[in-house]
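Please read the structure below before turning to the comments.
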Amino acid sequence: MLLLWVSTVAASAIAAPTPGTQEQKLQVAQAPNVVLVASDSFDGRLTFQPGSGVVKLPFINFMRAHGTTFLNAYTNSPICCPSRAAMWSGLFTHLTESWNNFKGLDPNYTTWMDVMEKHGYQTQKFGKLDYTSGHHSISNRVEAWTRDVAFLLRQEGRPVVNLIPDKNRRRVMEKDWQSTDKVTDWLRQEAINYTKPFVLYLGLNLPHPYPSPSSGENFGASTFHTSLYWLDKVAYDAIKIPKWLALSEMHPVDYYSSYTKNCTGKFTEEEIKNIRAYYYAMCAETDAMLGEIILTLRKLDLLQKTIVIYTSDHGEMAMEHRQFYKMSMYEASAHVPLLMMGPGIKVNVQVPNFVSLVDIYPTMLDIAGIALPQTLSGYSLLMLSSEAPADEQMRKTQRQPWVLSEFHGCNANASTYMLRTGQWKYIAYSDGASVHPQLFDLSSDPDELTNIAIKFPEITYSLDQKLRSIINYPKVSASVHQYNRKQFIMWKQSIGQNYSTVIAHLRWHQDWQKEPWKYENAIHQWLKAHPSPVAVDNNRTFSRYV
């Protein structure tokens with residue numbers, strides 16, 4: 001019966017009737033419920049061996065055993081708002097121009113949930129969304145806009161740990177638990193009574209590091225905070241101390257990131273191990289919230305009627321490559337978890353294909369049997385995870401053997417582009433000429449410590465040409481540069497005479513206030529070096545950067 005249902009859904013995704021017809025509404029009424037849980041900053045490598053051996057994640061393991069795990073899932077931009085914009089739009093970052101944590105989607109943008117609601121699904125969202133424009137602190141915005149300025153400023157508090165010495169304290173991230181409670185209450189009180197299928201979204205803050213209040217009004221987020229209850233789930237002896245390159249050997253963008261994240265100083269092995277242990281403990285608490293949803297679905301006899309998807313917006317460096325946080329194309333930052341289970345989904349299967357967050361949009365519509373728009377950047381995951389054999393037209397829809405990720409925000413002083421394909425990870429910067437690229441062979445160098453771009457020029461050239469065929473990245477970088485200057489000038493003008501005072505008290509204030517004129521002059525020279533940016537054309541087409 002399940003196989004028949006999935007076959008119907010798969011076929012209709014290709015040859016669906018006109019949206020909104022009676023035939024399609026009937027089909028949606030017979031489709032499964034969908035629950036998507038999206039956490040923040042979860043390293044995807046923890047969802048499969050050997051990474052999963054360092055912390056107990058019983059409900060992720062439950063999803064692994066009863067569903068499909070995607071071994072090579074990546075974010076399309078390793079920072080909160082742009083990555084979530086990709087997930088909700090199904091489009092690459094440069095197509096929506098979701099450049100940083102302040103510039104995401106328009107609040108009225110039509111998401112996959114809007115489409116599913118239009119076609120008969122009951123819809124509900126809880127918790128963290130963070131995919132539209134206008135969010136995050138002034139510091140975060142100004143940091144992104146001024147990343148091309150010729151200065152180094154420590155923008156984050158030094159990463160630290162904080163422990164609640166209570167072996168019974170389960171609810172550490174209270175806000176997330178409250179969101180989880182709202183989900184379980186909604187399932188018990190409302191969803192159980194629906195005659196139509198529902199799609200439910202839960203966004204979690206964990207395991208994102210906590211804000212450090214000591215950093216002032218526009219604090220950074222650099223405290224790894226947990227309780228003894230969750231720390232007890234971590235195999236402390238199994239924690240790997242990452243190898244670091246010497247500061248003098250670091251790639252210039254990596255050095256900039258490490259400095260602005262306040263990680264170029266000395267760290268003891270115990271400090272590093274504790275940061276990683278506390279982070280893993282925060283992942284365990286995240287897993288427990290996922291578990292509350294799964295258990296509630298099971299108790300209400302909804303689990304067998306519901307496809308459950310778990311993913312994250314990006315990973316967490318947790319002191320790999322002398323960094324914490326994200327904003328990097330290294331595996332710890334760019335590799336995300338992606339698991340699916342439910343009716344018609346393959347059980348206990350690990351899929352090696354390259355997938356990314358833009359695949360969520362077509363997957364959601366495919367589950368519901370809704371025709372897929374031809375403009376999407378991603379592909380339905382059902383082609384890889386469904387028990388049903390693909391029909392002839394489905395087989396003709398070839399998934400590309402690569403993923404694209406790009407980053408244009410703060411803590412990196414150049415736009416960054418990653419092409420992941422086969423054994424290779426190719427990372428290009430800026431215009432492709434002013435900053436040298438990186439090439440890693442993950443089959444022999446999983447820790448990404450040896451840049452072989454110069455050693456293998458033919459491979460580097462070939463991958464760069466492939467990247468340029470996907471995205472005109474020098475043009476995108478120039479557009480981002482123009483956007484950053486325009487936004488900074490507008491902000492500066494809005495501050496007026498208070499500009500010097502305001503900018504001196506942003507998150508970087510400790511460095512700035514030592515030599516304020518030096519930093520103000522650097523910004524002045526940056527603005528003076530180029531003509532004033534022209535107004536952005538809001539009618540630009542998606543083909544501009546392709």
After noting the C-alpha distance and the side-chain angles of Arg141 and Asn100, does the key distance pass the side-chain contact (heavy atoms from CB on, under 4.5 Å) rule? CA-CA 8 Å; Arg141 301 172 200 177; Asn100 53 52; 5.8 Å; no
Taking all heavy atoms of His314 and all of Lys326, pick out the closest pair and write down the distance. CE1-CD, 3.3 Å
Verify the neighbour count for atom CD of Glu270: are there more than 12 heavy atoms of other residues, nucleotides or ligands below 6.0 Å? no
Quick check: does any side chain N or O of Ser377 sit under 3.5 Å from a backbone N or O of Phe92, one acting as donor and the other as acceptor? yes
Can Lys233 be said to sit on top of Tyr229's aromatic six-ring, NZ or CZ under 6.0 Å from centre and within 45° of the ring axis? yes
Quick one: closest heavy-atom pair of His335 and Leu71, and the distance? NE2-O, 2.8 Å
Between the main-chain N or O of His94 and the side-chain N or O of Glu406, is there a donor-acceptor pair closer than 3.5 Å? yes
Under 6.0 Å between ring centres, would you say that holds for Phe59 and His66? no
Quiz question: by atom type and distance under 3.5 Å, do the side chains of Asn140 and His135 form a donor-acceptor pair? no
Chi angles and distances behind the side-chain contact (heavy atoms from CB on, under 4.5 Å) call for Ile370, Met116: CA-CA 8 Å; Ile370 301 170; Met116 294 177 79; 4.2 Å; yes
Residues two or more places apart in sequence or in another chain: which of them pass side chain to side chain donor-acceptor pair (under 3.5 Å) with Ser257? none
Evaluate side-chain contact (heavy atoms from CB on, under 4.5 Å) for Tyr210 paired with Asn162, printing each intermediate quantity in order. CA-CA 10 Å; Tyr210 287 73; Asn162 186 53; over 6 Å; no
Please walk me through it: do Met87 and Tyr131 pass side-chain contact (heavy atoms from CB on, under 4.5 Å)? CA-CA 9 Å; Met87 180 174 68; Tyr131 62 84; over 6 Å; no
Verify the distance criterion only: is there a donor paired with an acceptor across the side chains of Tyr236 and Asn274 at less than 3.5 Å? yes
Of the options Thr68, Val349, Asp359, Val355, which is the one that meets Leu384 in a side chain to side chain contact (heavy atoms under 4.5 Å, CB included)? Val355
Would you please classify the geometry between the Phe354 ring and the Tyr74 ring as parallel, tilted or perpendicular, with 30° and 60° separating the classes? tilted
Short question: side chain of Ser41, backbone of Glu316 - any donor-acceptor pair under 3.5 Å? no
Exceeds 12 heavy-atom contacts within 6.0 angstrom, atom NZ of Lys56: no
Could you tell me the separation between the CE atom of Met329 and the OG1 atom of Thr416, rounded to the nearest 0.5 Å? 5.5 Å
Check Asp185 with Lys182, please: is the shortest side-chain N to carboxylate O separation under 4.0 Å? no
Side-chain donor/acceptor of Asn33 to backbone N/O of Phe198, under 3.5 Å: yes
Can you tell me if Thr123 and Tyr201 form a side-chain donor-acceptor pair at under 3.5 Å? no
So does Arg169 get a backbone contact from the side chain of Ser227, meaning a donor-acceptor N/O pair under 3.5 Å? yes
Reference residue His225; test side chain to side chain contact (heavy atoms under 4.5 Å, CB included); the match among Val161, Val160, Ile164: Ile164
On a heavy-atom basis, the closest approach of Leu382 and Met340 is CD2-CE, 4.1 Å
Using 4.0 Å as the upper bound for N to carboxylate O, is an ion pair formed by Glu448 and Lys425? yes
Atom CE of Met327 and atom CG of Asn411: how far apart are they, to the nearest 0.5 Å? 4.0 Å
Please check if the side chain of Ser133 supplies one atom and the backbone of Gly104 the other of a donor-acceptor pair under 3.5 Å. yes
Which of Asn72, Asn76, Thr75 passes side chain to side chain donor-acceptor pair (under 3.5 Å) with Ser356? Answer is Asn76
Shortest non-hydrogen pair, Asp366 vs Leu372, comes out as N-CD2, 3.9 Å
side-chain hydrogen bond (donor to acceptor under 3.5 Å, both in side chains): which pairs involve residues 278-295, sequence neighbours left out? Trp177-Glu285, Arg276-Tyr280
Judged by modelled atom types alone, do Ser179 and Asp176 share a side-chain donor-acceptor pair under 3.5 Å? no
